[in-house]
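Worksheet: the structure to be examined is printed underneath.
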Amino acid sequence: MRVLVTGGAGFIGSHLCERLLAQGHEVLCLDNFFTGSRSNVIHLFSEPYFELVRHDVIEPILLEVDRIYHLACPASPVHYQFNPVKTIKTSVIGTINMLGLAKRVKARILLASTSEVYGDPLVHPQTEDYWGNVNPIGIRSCYDESKRLAETLMFDYHRQNDVDIRIIRIFNTYGPRMNENDGRVVSNFIVQTLRGQALTVYGEGQQTRSFCYVDDLVDGMMRLMEGPHVGPINVGNPNEFTILQLAEAVRDLVNPDAEIVFKPLPSDDPRQRQPDITRARTLLGWEPRVQLQEGLKRTIADFKQRLLTHHPE
Ligand code: NAD
Ligand code: UDP
């Protein structure tokens, strides 16, 4: 099949492109390189069925494809808050453009949605039928609310125009190839310990997250795309940790002497997050395989190698 991956030069997108090529598909990767980069996909340039196009999804594009994995959108709070209006345009206008394309060429389209649609959740763990607890006017709203609207658009194009849709709600995902300046917690802690700096825990570190290794996530995403279920379906690893526990785990793996310092908690930071993955288990036959210790080891090895290459001193 001809598969379009928007945001394909980003962290998750680059792993997805790799897997799609390995399955024999033709992959068209669109990216504006805001948080992604050529270096994430440079190893795919020699693949005859891989094509990289610099394009901003805010602009329409005419293509002929069978599948659209729509991932284009900055995912780290640091980056989506850099230009919040642009984030909203990317998520809303970008999704309208990709839905228009899907409608015209009758392609199936999958939206990379997020656990952030649940906001600071009052239901724990989060099931897909929970409508969430989202602040509409806070500093995370440009991302949360525009992803919620992207989901709305998906369902309206589905009901109104019969577009073939899939929605995945991704929970905190980490792994090799995260940008060293990404700003999310796993990459921050790893980069900090490798550089001999203190780990910055926000608040008291008692807020929780559940961390999914990227290979597991991509597997779930591809199962959803090729299965009959529209979603939304949560995909994430239900093993939940406090941020302080994560800091200790990274510290113990890299440098047990590293210091942990506490910084102010950003506003609207969700207090708890854990996916209920009953739907993914039963409808997709999916189960996360890589647990935190193993996933961290692989991610640390990748960062070590990259930081050494960038800073040979
Ligand atoms: P990422 O920032 O590494 O990747 C996003 C990619 O989209 C980058 O390559 C970026 O350059 C590109 N992009 C951004 N705006 C664009 C635009 N206007 N036009 C074209 N390309 C654009 O982040 P990621 O972790 O790989 O996330 C990928 C997708 O998964 C995002 O939609 C994100 O919201 C979603 N998601 C990720 C997580 C996670 O934990 N990693 C969790 C929930 C949802
Ligand atoms: N966090 C932290 N130190 C950091 C970066 C993040 O303690 O250097 C915390 C952050 O406040 C949040 C959690 O880690 O509670 C996850 O943050 P991230 O930005 O990775 O993702 P999100 O909040 O979107 O789940």
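Just follow the structure's listing: the first ligand is 1, and inside any ligand the first atom is 1. All residue numbers in this chain count up from 1 along the given sequence. As the structure is a prediction and not an experimental result, all values here were calculated from the model.
Here the shortest heavy-atom distance to atom 16 (C) of ligand 2, taken over Gln192, His79, Gln206, Arg209, belongs to Arg209.
Using a 4.0 Å cut-off between heavy atoms, His55 contacts ligand 1 through its backbone alone, with no side-chain atom that close. Proximity of Cys212 to ligand 1, defined as any heavy-atom pair under 4.0 Å, is not found for any part of the residue. Residue-level proximity to ligand 1 for Ile12 is carried by backbone and side chain together, each with a heavy atom below 4.0 angstrom. Contact annotation for Arg184 and ligand 2: heavy atoms of both the backbone and the side chain come within less than 4.0 Å of the ligand. At a 4.0 Å heavy-atom cut-off, ligand 1 touches Phe33 through the backbone alone. Contacts between Asn172 and ligand 2 below 4.0 angstrom, taking non-hydrogen atoms only, involve the side chain exclusively. At a heavy-atom cutoff of 4.0 Å, ligand 1 is contacted by the side chain of Lys147 but not by its backbone.
Nearest heavy-atom pair across Ser76 and Gly183 is OG-C, 3.8 Å. Residues Pro275 and Gly236 come closest through the heavy atom pair CG-C, 3.9 Å.
Scanning all protein heavy atoms for the shortest distance to atom 1 (P) of ligand 1 gives Thr35 OG1, 3.7 Å.
Taking a 4.0 Å cut-off on heavy atoms, Glu116 registers as neighbouring ligand 2. The closest approach between Pro77 and ligand 2 falls below 4.0 Å for a heavy atom of the residue. Taking 4.0 Å as the cut-off, Ala9 counts as a neighbour of ligand 1 on heavy-atom distance. For the pair Leu30 and ligand 1, no heavy-atom separation below 4.0 Å is found. The shortest heavy-atom distance from Arg169 to ligand 1 is not under 4.0 Å.
By the 3.5 Å distance cut-off applied to N or O atoms, Ile58 is not counted among the residues near ligand 1.
Of the charged side-chain nitrogens involved, none lies within less than 4.0 Å of a carboxylate oxygen, so that Arg289 and Asp216 do not count as a salt-bridged pair. Ionic pairing of Asp219 and Arg223 is present here: one or more N-O contacts between side-chain nitrogen and carboxylate oxygen are shorter than 4.0 angstrom. Salt bridge Arg67/Glu26: absent, no basic N to carboxylate O contact under 4.0 Å.
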